[in-house]
Amino acid sequence: MKREIRRVLVTGALGQIGSELTVELRRKYGTDNVVASDLRDCGCFGLKESGPFHTLDVMDYNQIEKLVKDYEIDTIVHLAALLSGVGEKNPTACWNVNMNGTMNVLNVSVANKINRVFIPSSIAVWGPDCPKVAPQETPLHPTTMYGVTKVAGEVLCDYYVKKFGLDVRGLRYPGIISAETFPGGGTTDYAVAIYYEAVKRNHYTCFVKEDTRLPMMYMPDCLKATMDLLEAPFDKLKHHSDFNVGSMSFDVKTLAEAIKKYKPDFTIDYEPDFRQAIADSWPDSVDDSAAREEWGWNPSYDLDSMTKDMLQILEEKNKAGLI
Ligand code: NAD
Ligand code: SER
């Protein structure tokens, strides 16, 4: 059976990744064929003006199914979630949104014969016992509620692949760095905030210590990884919802030095908070050989090329009074 992507529903479309991935999906599949949705209705990012947009709470099965039927959706990109920082402040809400939302999306997909579902996971699936370079196959012992939901989400997705033959794909995004939409409350947010503050104030007070090292990825590579996996032939995939994807890995001191290359007067100090323990529980980098072998993953950006790009975009936005 040919499982084509023609009509896509995006949940959590106003978030850091959705606000850019929706634009990419509309460019690829046609503006009217990509329905953006989010719990919020803030009218920003042009997503409402540039194509169909609906408010949608992923905790409500009926709301999801109505959009699927109304638009004859065949593909769902499920991005709605609560991330690690927000999740640790409210673990029950994190469990409810992440697990019930995922379960609803999977059940609607089976009931409506959806062709393809994309549900991202995270580096948060690992815990302190993970090797510094996270292997594709290794025990998953997260110490955050967000990580717990991501592990359970991966296992749940694989269950739907086996039990119902549903085509579900997903990858473990590293911390995503971007200049379009500010992150929604994760631990890796410092790696985005540092650029905003460098441009606005030439100084950043970081909420994790200078030797904190995590896997990171620039948004253009995040979009590439997502589109590449979304379009990979199903029969070539041995993994489904848990692909490691790597790009770059650096500590905060190295990140600050990369910024200083372009802004020599930039300064940084450190006031670690509760997110230090979360960052310390995650690995430094990941082994993404399965993604490279099964669907040809190959990132384009390194720390220097990302830094140059981020600073240029944010300087322009700052001059225009947009940040
Ligand atoms: P985000 O926090 O920026 O956006 C999430 C969006 O979901 C928000 O716009 C929010 O309004 C919406 N939302 C929350 N509750 C909802 C509900 N009940 N119904 C509908 N919408 C709801 O998140 P993001 O960074 O864009 O992340 C997208 C996905 O990627 C998530 O699954 C996240 O776990 C994963 N991920 C992100 C990163 C990263 O660094 N950004 C890293 C790893 C994994
Ligand atoms: N960027 C995410 C977070 O910090 C990782 O999944 O929560």
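Both ligands and their constituent atoms are indexed starting at 1 by order of listing. For the numbers below, each heavy atom of this structure counts, side chains included, while hydrogens, waters and symmetry mates do not. Residues: numbered from 1 along the sequence shown.
A heavy-atom separation below 4.0 Å is found between Gly175 and ligand 1. Residue Gly101 places every heavy atom at 4.0 Å or more from ligand 1. In this structure, Leu14 has a heavy atom closer than 4.0 Å to ligand 1.
At a heavy-atom cutoff of 4.0 Å, ligand 1 is contacted by the side chain of Lys150 but not by its backbone. Only backbone heavy atoms of Ser121 (N, CA, C or O) come within less than 4.0 Å of ligand 1; its side chain stays farther off. If you look at Leu56 next to ligand 1, the close heavy atoms, those under 4.0 Å, all belong to the backbone. Residue contacts with ligand 2, taken as heavy atom pairs separated by less than 4.0 Å, do not involve Tyr173 at all. Counting heavy atoms closer than 4.0 Å to ligand 1, residue Pro174 contributes backbone atoms (N, CA, C, O) but none from C-beta onward. The proximity of Tyr190 to ligand 2, defined as any non-hydrogen pair under 4.0 Å, does not occur for either the backbone or the side chain.
The shortest contact between atom 14 (C) of ligand 1 and any protein heavy atom is with Ala81 O, 4.0 Å. Nearest to atom 28 (C) of ligand 1 among the protein's heavy atoms is Leu79 O, 3.3 Å. Taking atom 6 (O) of ligand 2 as the reference point, the nearest protein heavy-atom neighbour is Ser122 OG, 2.5 Å. Atom 7 (O) of ligand 2 has its closest protein heavy atom at Ser84 OG, 2.6 Å. From the protein, the heavy atom lying nearest to atom 3 (O) of ligand 1 is Gln16 N, 2.8 Å. Among all non-hydrogen protein atoms, the one lying nearest atom 1 (N) of ligand 2 is Thr188 OG1, 2.6 Å.
Taking the six-membered ring for Trp and the full ring otherwise, the centers of Phe243 and Trp295 sit less than 6.0 Å from each other. Between Tyr160 and His240, the distance separating the two ring centers is not shorter than 6.0 angstrom.
Atoms CG and CZ, on Leu47 and Arg26 in that order, are 5.5 Å from each other to the nearest 0.5 Å. For the atom pair SG (Cys222) and CE (Met227), the distance works out to 11.5 Å, reported to the nearest 0.5 Å.
Below 4.0 Å from some heavy atom of Asp57 lie the following atoms of ligand 1, by number and element: 17 (C), 18 (N), 19 (N). Each of the following atoms of ligand 2 lies closer than 4.0 Å to a heavy atom of Thr187: 3 (C), 4 (O), 7 (O).
Residue-to-ligand polar distances keep Trp282 apart from ligand 2: every N/O pair is separated by 3.5 Å or more. Note: an N/O pair closer than 3.5 Å links Arg40 and ligand 1 by distance alone. At least one N or O atom of Asp38, backbone or side chain, sits closer than 3.5 Å to an N or O atom of ligand 1. When only interatomic distances are considered, the shortest N/O to N/O separation between Ile176 and ligand 1 falls below 3.5 Å. The shortest N or O to N or O distance between Gly15 and ligand 1 is under 3.5 Å. For the pair Phe182 and ligand 1, the shortest N or O to N or O distance does not fall below 3.5 Å. Looking at Gly12 next to ligand 1, no N or O pair under 3.5 Å apart turns up. When only interatomic distances are considered, the shortest N/O to N/O separation between His78 and ligand 1 does not fall below 3.5 Å.
Remark: the backbone N or O of Leu79 is paired with a side-chain donor or acceptor of Thr11 at under 3.5 angstrom.
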Query raised in the report: Going through the distances and angles, do Asn244 and Trp126 end up as a side-chain contact (heavy atoms from CB on, under 4.5 Å)?
Result: CA-CA 11 Å; Asn244 287 4; Trp126 294 296; 3.3 Å; yes
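Of the candidates Ala80, Ala191, Gly170, Gly85, the one placing a heavy atom closest to atom 7 (O) of ligand 1 is Ala80.
A side-chain hydrogen bond (donor to acceptor under 3.5 Å, both in side chains) with Arg7 holds for exactly one of Asn33, Thr75, Asp32; it is Asn33.
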